[in-house]
There are 2 protein chains.
Amino acid sequence: MDNTAPQSPAGLSTTPTWLLNQTAGHAARLLSEGFAAHDLRGYHYRLLATLAEDGPASQADLGRRCGIDRSDVVAAINDLAGRGLVVRAPDPADRRRNVISATDAGADEARRMGATVERVQADLLAPLSATERKQLTRLLTRLLHHHSRH
Amino acid sequence: MDNTAPQSPAGLSTTPTWLLNQTAGHAARLLSEGFAAHDLRGYHYRLLATLAEDGPASQADLGRRCGIDRSDVVAAINDLAGRGLVVRAPDPADRRRNVISATDAGADEARRMGATVERVQADLLAPLSATERKQLTRLLTRLLHHHSRH
DNA sequence: ATGCTACGTTGGTCCAACCAACGTTGGTTC
DNA sequence: GAACCAACGTTGGTTGGACCAACGTAGCAT
């Protein structure tokens with residue numbers, strides 16, 4: 001989208017935070033464009049993928065697993081349910097909870113979106129060799145792991 | 001039931017896009033907290049740092065260099081000018097333009113914020129050796145450079 | 001029975017990013 | 001010089017992701 005390449009100040013363009021931010025922004029944009037083809041957004045994908053992967057769960061649990069706030073889960077599940085990709089049912093074992101399950105259509109969509117994500121991934125990492133991709137993944141995982149337990 | 005699930009689905013937590021997004025989010029959060037101590041935000045820092053580094057520039061030029069939209073530059077410069085960190089003056093050579101310059105106070109603030117950024121940087125990269133930091137920087141730079149021209 | 005916690009939900013806030021449109025000004029081209 | 005088009009600053013939006021406070025209901029422990 002940037003017709004004119006942003007020239008980022010020399011002092012900033014070398015800092016890892018800047019690089020991370022820019023690269024992640026680029027990845028997010030590519031993903032967002034990919035998701036748009038499915039008429040869905042990031043939250044939807046995360047939830048759908050988690051459901052398709054790990055099976056039914058309560059909304060709070062989904063939120064915890066995806067790192068999405070409870071209140072945001074409500075809206076996203078509303079969307080997904082409205083499209084028949086997901087079903088909301090009261091949990092007979094705990095009436096506070098809703099059990100969310102992916103429908104067949106939902107599982108389908110999750111697969112298709114997964115393919116989209118992989119395509120984007122390949123696009124993003126195109127300039128890197130397989131070894132370098134592993135390297136990057138490893139470094140980022142280390143950073144994340146270190147900081148995720150606060 | 002509530003075995004406090006790990007955040008992030010297994011299938012997602014290995015994808016570079018997810019890792020990038022999460023890591024950048026973490027970095028952004030740390031930066032945001034750091035900036036809050038100065039009662040400023042990301043846009044302000046980018047603009048101020050660019051001004052302090054490269055000297056006065058028009059708003060459009062600033063926006064181009066920082067990757068900030070013209071309209072957002074207006075608001076941010078308004079804030080900075082309101083604090084006396086920056087001065088807006090009409091360009092005698094081109095009356096369409098405003099020349100933005102950092103004041104002494106602005107340059108001071110830029111230095112202090114730069115120190116904050118470095119602190120955050122060190123915090124973020126704590127788990128990585130110097131070699132690994134270089135590696136990460138190199139990989140991200142490669143990615144960014146590749147995607148920024150096309 | 002009391003109190004504490006978890007759940008779903010409503011209704012916000014915030015920041016970063018982007019876009020459309022307008023009036024003004026500069027630079028070209030006739 | 002007049003007619004155009006491009007660039008500038010500005011206003012006033014929209015979007016996506018993330019977060020927060022509060023409420024009523026429901027489960028759990030004492």
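All chains are named by letter (A, B, ...) in the order of the sequence lines, taking the proteins before the strands, and each is independently numbered beginning at 1. Given the structure is predicted, the values throughout are model-derived calculations rather than measurements.
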*Report yes or no: is there a donor-acceptor pair, N or O only, under 3.5 Å between the side chain of B/Asp72 and the base of C/dC18?*
yes
*asked:* Between P on C/dC15 and CD1 on B/Ile68, what's the gap in Å once rounded to a whole number?
replied: 14 Å
*Determine the contact category for B/Gly42: base if any of its heavy atoms lies under 4.0 Å from a base atom, sugar-phosphate if only primed atoms, P, OP1 or OP2 are that close, otherwise nothing.*
sugar-phosphate
*Name the nucleic acid region contacted by A/Ser32, choosing base, sugar-phosphate or nothing; use a 4.0 angstrom heavy-atom cut-off, strictly under.*
nothing
_Without decimals, in angstroms, what is the distance between A/Arg41 CZ and D/dT14 C1'?_
13 Å
*Considering just the side-chain nitrogens and oxygens of A/Arg29, establish if one lies under 4.0 Å of OP1 or OP2 belonging to C/dA16.*
no
*How close or far is atom P of C/dA16 from atom CD of A/Gln22, stated in whole angstroms?*
13 Å
*asked:* With hydrogens left out and only the distance checked, is there a donor-acceptor pair under 3.5 Å joining A/Ser71's side chain and the base of D/dC20?
replied: yes
_Any donor-acceptor pair, under 3.5 Å, between the side chain of B/Arg70 and the base of D/dG9, if you only look at N and O atoms?_
yes
*Crowded around B/Glu33 CD? As in, over 12 foreign heavy atoms under 6.0 Å?*
yes
_Salt bridge check, A/Glu132 against B/Arg142: does any charged N sit closer than 4.0 Å to a carboxylate O?_
yes
_B/Gln59 CD to D/dT11 C1', straight-line distance once rounded to whole Å_ = 13 Å
*Please report the closest heavy-atom contact between A/Ala102 and A/Leu51, naming both atoms and the distance.*
CB-CB, 4.2 Å
*asked:* It should be established whether B/Arg95 places a side-chain nitrogen or oxygen under 4.0 Å from OP1 or OP2 of nucleotide D/dC8.
replied: no
*Answer with yes or no whether the hydrophobic clustering places B/Val117 together with B/Leu128; edges join I, L, V, M, F, W, Y residues whose side-chain heavy atoms lie under 4.5 Å apart.*
yes
*N or O in side chain of B/Asn78 less than 4.0 angstrom from D/dT10 OP1/OP2*: no
_Carboxylate-amine/guanidinium contact A/Arg119 A/Asp123, below 4.0 Å_ = no
*Is any side-chain N or O of B/Asp94 under 3.5 Å from a base N or O of D/dC8, one able to act as donor and the other as acceptor?*
no
*Nearest-angstrom distance from the residue atom OH of A/Tyr43 to P of D/dT15*: 16 Å
*What's the closest nucleotide to the B/Asn98 side chain, out of C/dC7, C/dC18, D/dG9?*
D/dG9
*How about A/Asp61 and A/Ile100: do any of their side-chain heavy atoms sit closer than 4.5 Å?*
no
_Is the phosphate of C/dG8 approached by A/Arg96 (side-chain N or O, under 4.0 Å from OP1 or OP2)?_
no
*Nearest-Å distance, CG (B/Leu31) to P (C/dC14)?*
20 Å
_Nearest whole Å is fine: how far is D/dG17 C1' from A/Leu40 CG?_
16 Å
*Please give, in whole Å, the distance from C/dC18 P to A/Glu33 CD?*
11 Å
_Candidates C/dC7, D/dG17, C/dA17 - which lies nearest the side chain of A/Arg64_ = C/dC7
*With DNA chain C as reference, determine whether A/Val99 or A/Asn21 sits nearer its 5' end, using the nearest nucleotide of each.*
A/Val99
